Amino acid sequence: MKKLLLLALPILALSGCSSSSTWGWYVINPMTPGGWINIKFLISGMGDTILISVIAAVLSIVVGLVVALPGLSKKRGWRLVNRVYVEFIRSIPLLPMLFWVFYGLPIIFREMGLNIPIDPFWGAVITLALSDSAFTAEIYRAGIQSIAKGQTEAAQTIGLNYLQTMRYVILPQAIRRILPPLANQFIYIVKMSAFASVIGMQELTRRANELVVTEYRPLEIYTLLILEYLVLVLIISAGVRWLERRMGSDERG
């Protein structure tokens, strides 16, 4: 309900901005029965957008860390694995990757004798997680390398192995530094989730496209869609700023 109220205020302002017949703000006017139904239909896709984004972000954070660690190795072979993955994934546009995952991956599974269908939801999640993991890996690498080498040497002198050093000494400090760029990547995932509409996922953009087909009011409906994404991003930004304050990531000096 709070989301509906947040969106209703700018919608009411827009609905009264012009009385010209060329405008059709009535299609998203919460004061009319039809407009209210349209608004609820559009907002009903927000749940899927949030769910796709959160799952993809979690997977991206995990995969990104796994990919980043070889890039910090002293062995050239491990560093090469990191560079090949990062450069290859970063070079693929999101839309072709989405089509490859949704249409191509099931074919590969069948050739392997596996019957693993990929529905639009998981197609979007896998694509977003893969695409973002390369960027997340670079964020991790930069954050970990920003920690003074003396921290690692001190941890080794008290008997900590590599994994213990990373877990108890390096990563806790690095996370504080990389939290803002990780938040930017989460916002990126939320916005890029709109591509899931092309494979039939009923998220925000897909709902807006369907409503445009029935109402023939693209300006008004896509304006509401933009407002929905704006609300989501503002909520995420506020949450990240709160988390930064709790973790001390916004400290100066």
Side-chain angles (χ1 to χ4, degrees), residues 3-4 7 27-28 37-64 66-67 85 88-137 182-218 220-236:
K3 294 175 182 175
L4 294 178
L7 290 172
V27 299
I28 54 169
I37 291 174
N38 288 340
I39 290 175
K40 290 194 294 184
F41 176 77
L42 286 170
I43 293 179
S44 64
M46 189 173 290
D48 284 333
T49 293
I50 295 173
L51 191 58
I52 289 173
S53 302
V54 170
I55 297 176
V58 171
L59 291 175
S60 173
I61 288 172
V62 173
V63 175
V66 172
V67 173
Y85 180 91
F88 179 75
I89 296 297
R90 287 197 305 188
S91 67
I92 305 174
L94 187 64
L95 192 56
M97 182 182 290
L98 178 62
F99 288 146
W100 187 89
V101 168
F102 184 65
Y103 294 110
L105 205 54
I107 297 175
I108 295 176
F109 287 148
R110 285 197 297 271
E111 290 296 321
M112 298 171 59
L114 302 173
N115 184 22
I116 305 178
I118 297 180
D119 59 20
F121 178 86
W122 286 108
V125 168
I126 293 171
T127 302
L128 288 169
L130 278 176
S131 178
D132 190 65
S133 64
F135 298 95
T136 303
L182 283 181
N184 287 336
Q185 288 304 118
F186 181 52
I187 292 174
Y188 166 84
I189 289 176
V190 170
K191 295 191 296 183
M192 292 301 103
S193 67
F195 280 106
S197 63
V198 302
I199 58 173
M201 187 63 210
Q202 291 290 325
E203 42 71 67
L204 288 174
T205 303
R206 178 77 177 192
R207 292 298 177 95
N209 291 338
E210 292 179 357
L211 198 56
V212 167
V213 171
T214 58
E215 295 286 355
Y216 304 105
R217 288 292 180 179
E220 295 82 359
I221 293 169
Y222 287 133
T223 297
L224 176 56
L225 177 64
I226 290 172
L227 291 174
E228 288 177 305
Y229 279 110
L230 174 62
V231 169
L232 275 178
V233 171
L234 289 177
I235 292 174
I236 294 170

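A quick note: this is a predicted structure, and the numbers were derived from the prediction, not measured.
- Put simply, the side chain of V66 does not reach to within 4.5 Å of the side chain of Y85, judged on heavy atoms.
- Side-chain contact between K40 and I43 is absent, with no heavy-atom pair separated by less than 4.5 Å.
- The shortest distance between side-chain heavy atoms of F109 and N115 does not fall below 4.5 Å.
- Without hydrogens or angle criteria, S193 side chain to V190 main chain gives a donor-acceptor distance under 3.5 Å.
- S60 places no side-chain N or O within 3.5 Å of a backbone atom of A56 that could act as its donor or acceptor partner.
- Considering only heavy atoms from C-beta on, I61 stays 4.5 Å or farther from Q185 through its side chain.
- When all heavy atoms of I55 and V125 are compared, the closest pair comes out as CG2-CG1, 3.6 Å.
- Between V198 and F195, the shortest heavy-atom contact is CG2-O, 3.0 Å.
- Of all the heavy atoms in L130 and I89, the pair that sits closest is O-CG2, 3.2 Å.
- Shortest non-hydrogen contact noted between A129 and L59 is CB-CB, 3.7 Å.
- Within the 4.5 Å cutoff, no side-chain heavy atoms of I118 are placed close to those of Y103.
- Of the possible polar contacts, one joining the T49 side chain to the L204 backbone as a donor-acceptor pair under 3.5 Å is found.
- Between the side chain of S131 and the backbone N or O of L128 there is no donor-acceptor pair closer than 3.5 Å.
- Within the 4.5 Å cutoff, side-chain heavy atoms of L51 are placed close to those of F121.
- Looking at heavy atoms from C-beta onward, L225 lies in side-chain contact with Y222 at the 4.5 angstrom threshold.
- Looking at heavy atoms from C-beta onward, V67 lies out of side-chain contact with S133 at the 4.5 angstrom threshold.
- In the model, D48 has no side-chain atom that pairs as donor or acceptor with a side-chain atom of Q202 under 3.5 Å.
- In this view, E210 and R206 satisfy the salt bridge (charged side-chain N to carboxylate O under 4.0 Å, His left out) rule, not counting sequence neighbours.
- Considering all non-hydrogen atoms of both residues, T205 and A194 come closest at OG1-CB, 3.2 Å.
- Nearest approach of N209 to S197, heavy atoms of both residues: ND2-OG, 4.2 Å.
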